[in-house]
Colleague: 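My questions all concern the structure below.
Below, chains carry the letters A, B, ... as their sequence lines are ordered, and counting in each starts from 1.
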Amino acid sequence: MSDEPRFTFGRGQKLRGRGAFKPVIDARACSDGGAIAVHGCPNNGSANRIGISIGRRAGTAARRNRIKRMIREAYRLSQHELPHTAPGPYDLVVIVRAHEPLGLDEYRTRLADAMRHIHATWQKRTNRRNATEAKPRTAPTDLESPPGV
RNA sequence: GCACCGGAACGGUCGCUUGGAAUCCACCCGGGUUCCAAGAGGAAAGUCCGAGCACGACAGGACAAGGUGGUGGGUAACGCCCACCGGCCCGCUGCUGGGUCAGGGACAGUGCCACAGAAAAUAGACCGCCUUGCCGGGGCUUGCCUCGGCAGGGUAAGGGUGAAACGGUGCGGUAAGAGCGCACCGCUCGAUCGGCGACGACCGAGGCACGGCAAACCCCACCUCGUGCAAACGCAAACAGUUCUCGCUUGAGACCUUCGGGCUUCAAGCGCCUGCGGUCCGCAGGUUUGGGAACGGGUAGCGCGCUUGAGCCGUCGGGCAACCGACGGCCUAGAGAAAUGGCCGUUGCCCCGAUGCUCGCGCAGACGCGCGGGUGUUGGGGAACAGAACUCGGCUUAGCGGUGCUCGC
RNA sequence: UGGCCCGUGGUGUAAAGGUAGCACAAGUGGUUUUGGUCCAUUUAGUCUUGGUUCGAAUCCAAGCGGGCCAG
């Protein structure tokens with residue numbers, strides 16, 4: 001941590017396995033950005049993890065590989081600017097729609113916008129849950145006044 | 001149109017996967033860091049054929065089902081490749097050259113051939129042509145000619161239909177005709193010669209019989225056991241299954257009894273198990289609606305199969321070629337929500353524009369202008385189709401650039 | 001990855017190798033004060049490319065597109 005931040009992208013930062021994608025999508029925190037849509041969900045680990053889901057409608061295998069590598073490169077280069085604190089590091093699932101492949105900078109801005117949106121969503125959710133636990137089943141009315149803000 | 005070749009290269013930097021080495025953390029499993037090496041294709045694609053490999057089945061044979069189909073060769077094998085033969089098309093004509101063909105059998109049998117047409121398959125006869133008899137009319141040279149009708153016979157030349165009409169053209173022949181006869185061509189059969197063979201050349205005979213469709217059923221010859229690396233094999237959570245086990249002592253009560261005892265409930269103690277706790281002590285709970293152990297099968301998961309192979313490169317030799325042999329050298333991707341990427345620079349390739357030099361042709365004949373080719377400088381642009389998933393040999397499809405030959409404009 | 005099936009107007013569906021139909025939809029005209037109903041009429045198709053055949057939606061081959069199953 002004392003060193004300069006490095007831009008690695010190892011196996012621990014990838015979503016792996018058949019069962020890893022479904023809970024993230026079922027968490028229903030999604031930011032739709034046209035060409036790509038990002039689902040997010042806090043995990044209990046120490047760092048953000050990302051998984052890319054790209055269907056056959058996006059093109060042939062070579063084209064799908066190309067888009068996937070661009071998104072991965074965009075995530076790799078901007079991983080330290082993305083939020084990974086507060087409600088926790090996130091598991092991300094990027095859903096790729098059918099589109100013409102974009103440039104690297106375009107993917108970086110879209111990814112950052114989506115991450116900000118998801119981060120805000122989860123901050124709101126955790127604040128609401130803390131409020132309801134603080135005053136159990138007495139006041140469902142004061143949803144818009146969470147304490148501590 | 002055919003054949004062949006290429007599918008960018010180098011460097012820097014940030015990353016990914018695999019392998020190796022060093023080092024650090026960790027009881028083990030494993031993980032981190034640094035360095036080094038390697039890292040998509042001609043189609044990796046479609047999954048259309050053929051194999052290897054794995055498992056299951058299988059004495060042998062036959063049937064069924066599917067596939068292939070000129071001949072000879074190549075190959076591990078093929079529906080692939082090479083050479084040749086034959087048919088068709090194109091060009092040329094002094095030679096033959098190029099393209100293309102699922103190219104066995106229609107005397108084994110069954111079936112189909114719409115419409116049109118007289119007739120569509122052991123031929124048959126609508127209009128015709130010719131002829132005989134009878135009846136009627138006309139003509140005149142009075143026994144012939146001609147016209148019409150009815151009945152009978154001979155023909156298949158001509159007509160029109162059709163994709164296709166039972167050899168074609170010509171001459172002879174005939175009442176009219178007809179392979180009825182002859183010549184050439186086609187067809188069938190036979191002999192000889194050449195060729196491993198498909199077949200070809202040539203000679204003779206037959207007077208023509210045998211329409212087309214088998215990518216219609218079918219017959220003949222040959223080939224094929226089925227399933228597929230998510231195969232197969234190893235380790236193995238969870239859930240379910242099977243088996244075993246859950247004790248000892250004392251006291252009290254109920255029941256049975258062959259009076260030896262058996263069975264069960266409650267309470268206490270010892271033992272055992274679980275949790276708290278670093279350990280002992282201790283505390284709490286459990287000790288048959290539950291717990292523990294073992295077993296085989298095996299899911300998730302992990303490993304293996306997994307990359308040395310009918311392999312690649314070079315030289316020499318054999319063969320018309322496909323291909324084969326000998327020798328030498330090389331090791332060259334192994335992922336698993338799935339690794340080969342991003343950025344920068346230089347060079348090479350292609351296109352466009354500007355410009356310099358040079359060559360050829362045309363106009364002009366002094367300069368010059370236009371077109372085409374080669375080469376240099378500079379600016380801008382582009383680079384397709386497409387990503388290994390067990391591995392090979394082919395085919396097909398997608399698609400960029402170049403070279404050579406040929407054809408057309 | 002492996003296996004199986006199917007492609008006919010815009011939609012749904014027929015058609016033994018011999019003229020591609022039917023219904024709904026769409027367009028135009030008529031009927032009606034207008035709309036609907038009804039009547040008449042028009043447009044539009046065999047997934048693509050080759051081959052067999054006199055002739056192909058049908059038979060054969062290759063490709064393209066879509067769907068289903070195993071895991």
Colleague: For A:Leu104 and for A:Ile52, find the nucleotide of RNA chain B with the closest heavy atom, then tell me which residue's nucleotide is more 5'.
Modeller: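 Its nearest nucleotide lies further toward 5', so the answer is A:Ile52.
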Colleague: If we take the P atom in both B:rA335 and B:rG317, what is their distance in whole Å?
Modeller: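 Straight-line distance between the two P atoms is 45 Å.
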Colleague: Can you tell me, in whole Å, how much space there is between the C1' of B:rA388 and that of B:rA38?
Modeller: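 Nearest-Å result for B:rA388 against B:rA38 at atom C1': 16 Å.
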Colleague: Quick one: CD1 on A:Ile36 to CD on A:Glu106, what's the gap to the nearest 0.5 Å?
Modeller: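 Answer rounded to 0.5 Å: 9.0 Å.
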Colleague: Side chain of A:Ser53 only, heavy atoms from C-beta on: which candidate in B:rA337, B:rA386, B:rU340 is closest?
Modeller: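 Closest nucleotide to the A:Ser53 side chain: B:rA337.
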Colleague: Sticking with atom P, work out how far C:rA70 lies from C:rC38, rounded to a whole angstrom.
Modeller: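 Nearest-Å result for C:rA70 against C:rC38 at atom P: 47 Å.
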Colleague: Over how many whole Å does the gap from A:Glu106 atom CD to B:rC343 atom P extend?
Modeller: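 Nearest whole value for this atom pair: 14 Å.
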Colleague: With syn defined as a glycosidic angle within 90° of 0 and anti as the rest, where does C:rU37 land?
Modeller: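 Nucleotide C:rU37 adopts anti.
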Colleague: Nearest whole Å is fine: how far is B:rA389 C1' from A:Arg64 CZ?
Modeller: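 Atom-to-atom, A:Arg64 to B:rA389, this comes out as 14 Å.
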Colleague: Identify whether the distance between the nearest side-chain nitrogen and carboxylate oxygen of A:Arg108 and A:Glu81 falls below 4.0 Å.
Modeller: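 Yes, this pair counts.
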Colleague: Should A:Leu77 and A:Leu104 count as side-chain neighbours, where that means a heavy-atom distance under 4.5 Å?
Modeller: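 Side chain of A:Leu77 against side chain of A:Leu104, heavy atoms only: contact under 4.5 Å found.
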Colleague: Is any side-chain N of the basic residue among A:Arg110 and A:Asp105 closer than 4.0 Å to the acidic one's carboxylate O?
Modeller: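 No, A:Arg110 and A:Asp105 are not salt-bridged.
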Colleague: Determine the interatomic distance between P on B:rC78 and the same-named atom on B:rG394; round to the nearest Å.
Modeller: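 The answer is 15 Å between these two P atoms.
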Colleague: Rounded off to whole Å, could you give me the CG-to-P distance for the A:Leu102 and B:rG342 pair?
Modeller: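 Taking atom P of B:rG342 as the reference, CG of A:Leu102 is at 15 Å.
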Colleague: Grab the CZ-P distance between A:Arg76 and B:rG15 for me, whole Å please.
Modeller: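 These atoms are roughly 6 Å apart.
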Colleague: Partner of B:rA267 by Watson-Crick or G-U wobble geometry, both contacts under 3.5 Å, or none?
Modeller: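 Across any shown strand, B:rA267 pairs with B:rU250.
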Colleague: Side chains of A:Gln13 and A:Gln79: does their closest heavy-atom pair fall under 4.5 Å?
Modeller: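 In short, these two side chains touch, coming nearer than 4.5 Å.
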Colleague: What is the pairing partner of B:rU141, taking Watson-Crick or G-U wobble pairs with both distances under 3.5 Å in any strand?
Modeller: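 By the stated definition (distances under 3.5 Å), nothing pairs with B:rU141.
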Colleague: What's the base orientation of B:rA40: syn (chi within 90° of 0) or anti?
Modeller: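 Syn for B:rA40; the angle stays within 90° of 0.
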Colleague: Need the pair for B:rC171. Rule: Watson-Crick or G-U wobble, both distances under 3.5 Å, any strand; none if unpaired.
Modeller: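 B:rG181 - that is the nucleotide pairing with B:rC171, both distances being under 3.5 Å.
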Colleague: Say you pick atom C1' in B:rA176 and the same atom in B:rG190; how far apart are they, in whole Å?
Modeller: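 Going atom to atom, C1' in each nucleotide, I get 39 Å.
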Colleague: Which atom pairs link the protein and nucleotides 17-19 of chain B when you take only N or O atoms and keep those under 3.5 Å?
Modeller:
residue: B:rU17; atom: O3'; partner: A:Arg11; partner atom: NH2; Å: 3.4
residue: B:rU18; atom: OP1; partner: A:Arg11; partner atom: NH1; Å: 3.4
residue: B:rU18; atom: OP1; partner: A:Arg11; partner atom: NH2; Å: 3.3

Colleague: For a 4.5 angstrom cut-off between non-hydrogen side-chain atoms, does A:Tyr90 reach A:Val24?
Modeller: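 In short, these two side chains do not touch, never coming nearer than 4.5 Å.
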Colleague: Looking only at the side chain of A:Glu73 (C-beta and beyond, no hydrogens), which of the listed nucleotides B:rG387, B:rG342, B:rG15 gets closest?
Modeller: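 Given the options B:rG387, B:rG342, B:rG15, the side chain of A:Glu73 is closest to B:rG342.
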Colleague: What is the distance, rounded to the nearest whole Å, between atom CZ of A:Phe7 and atom P of B:rC16?
Modeller: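 After rounding, the gap between these two atoms is 13 Å.
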Colleague: What is the separation between atom NZ on A:Lys68 and atom P on B:rA335, rounded to the nearest whole Å?
Modeller: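 To the nearest whole Å, that distance equals 16 Å.
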Colleague: Are A:Met70 and A:Arg66 packed together at the side-chain level, in the sense that at least one heavy-atom pair is separated by less than 4.5 angstrom?
Modeller: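 Yes, at least one pair of side-chain atoms sits under 4.5 Å.
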Colleague: Do A:Met115 and A:Asn48 have side chains that get closer than 4.5 Å, going by heavy atoms?
Modeller: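 In contact.
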Colleague: Separation of A:Asn65 atom CG from B:rA44 atom P, in whole Å?
Modeller: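 In whole Å, B:rA44 P and A:Asn65 CG are 18 Å from each other.
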Colleague: Say you draw a straight line from OH of A:Tyr75 to CD1 of A:Ile50; how long is it, rounded to the nearest 0.5 Å?
Modeller: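 Those atoms lie 5.5 Å apart.
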Colleague: Both distances below 3.5 Å, Watson-Crick or wobble geometry, any strand: find the nucleotide opposite B:rG376.
Modeller: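 Because both required distances fall under 3.5 Å, B:rG376 counts as paired with B:rU355.
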Colleague: B:rG260: syn or anti, with syn meaning chi within 90° of zero?
Modeller: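 With its glycosidic angle within 90° of zero, B:rG260 counts as syn.
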Colleague: Quick one: classify the glycosidic conformation of B:rG42 as syn or anti, with syn meaning within 90° of 0.
Modeller: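 Nucleotide B:rG42 adopts syn.
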Colleague: Determine the Euclidean distance between corresponding P atoms of B:rG382 and B:rU308; express it in Å to zero decimal places.
Modeller: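 Nearest-Å result for B:rU308 against B:rG382 at atom P: 42 Å.
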Colleague: For the P atoms, the ones on B:rC130 and on B:rA156, what distance do you get once it is rounded to whole angstrom?
Modeller: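 The answer is 16 Å between these two P atoms.
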Colleague: Send over the distance from A:Gln13 CD to B:rC16 P, rounded to a whole Å.
Modeller: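 Interatomic distance, CD of A:Gln13 to P of B:rC16: 8 Å.
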Colleague: Looking at B:rG52, which nucleotide sits across from it as a Watson-Crick or G-U wobble partner, both distances under 3.5 angstrom, or is there none?
Modeller: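 B:rG52 is paired, partner B:rC390.
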Colleague: How is A:Arg66 classified with respect to the nucleic acid when contacts are heavy atoms under 4.0 Å: base, sugar-phosphate, or nothing?
Modeller: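 Sugar-phosphate, no base atom in range.
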Colleague: Could you tell me how far B:rG70 sits from B:rA76 if I compare only their P atoms? Round to whole Å.
Modeller: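 The answer is 23 Å between these two P atoms.
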Colleague: If you check every side-chain atom of A:Arg69, which of B:rA40, B:rC16, B:rA386 has the closest atom?
Modeller: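 Of all the options, the side chain of A:Arg69 is nearest to B:rA40.
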Colleague: Under a 3.5 Å cut-off for both contacts, is B:rU33 paired Watson-Crick or G-U wobble with anything, and if yes, with which nucleotide?
Modeller: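 Pair assignment: B:rU33 / B:rA22.
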Colleague: As an exercise, state the distance from CZ of A:Arg49 to SG of A:Cys41, rounded to the nearest 0.5 Å.
Modeller: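 Reported value, rounded in 0.5 Å steps: 9.5 Å.
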Colleague: Just compare B:rG387, B:rU340, B:rC14 and give me whichever is closest to any side-chain atom of A:Arg72.
Modeller: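 The closest nucleotide is B:rU340.
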Colleague: When you check the glycosidic angle of B:rU332, does it come out syn, meaning within 90° of 0, or anti?
Modeller: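 Syn, angle within 90° of zero.
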Colleague: Does B:rG345 have a Watson-Crick or wobble mate here (both distances under 3.5 Å), and if so which one?
Modeller: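 Result: B:rC10.
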Colleague: Paired with B:rA191 by Watson-Crick or G-U wobble geometry, both distances under 3.5 Å: which nucleotide is it?
Modeller: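 Here B:rA191 is not engaged in any pair, so there is no nucleotide opposite it.
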Colleague: Just N and O in the side chain of A:Thr60: are any of them under 4.0 Å from OP1 or OP2 of B:rG387?
Modeller: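 True: A:Thr60 side-chain N/O within range (under 4.0 Å) of B:rG387 OP1/OP2.
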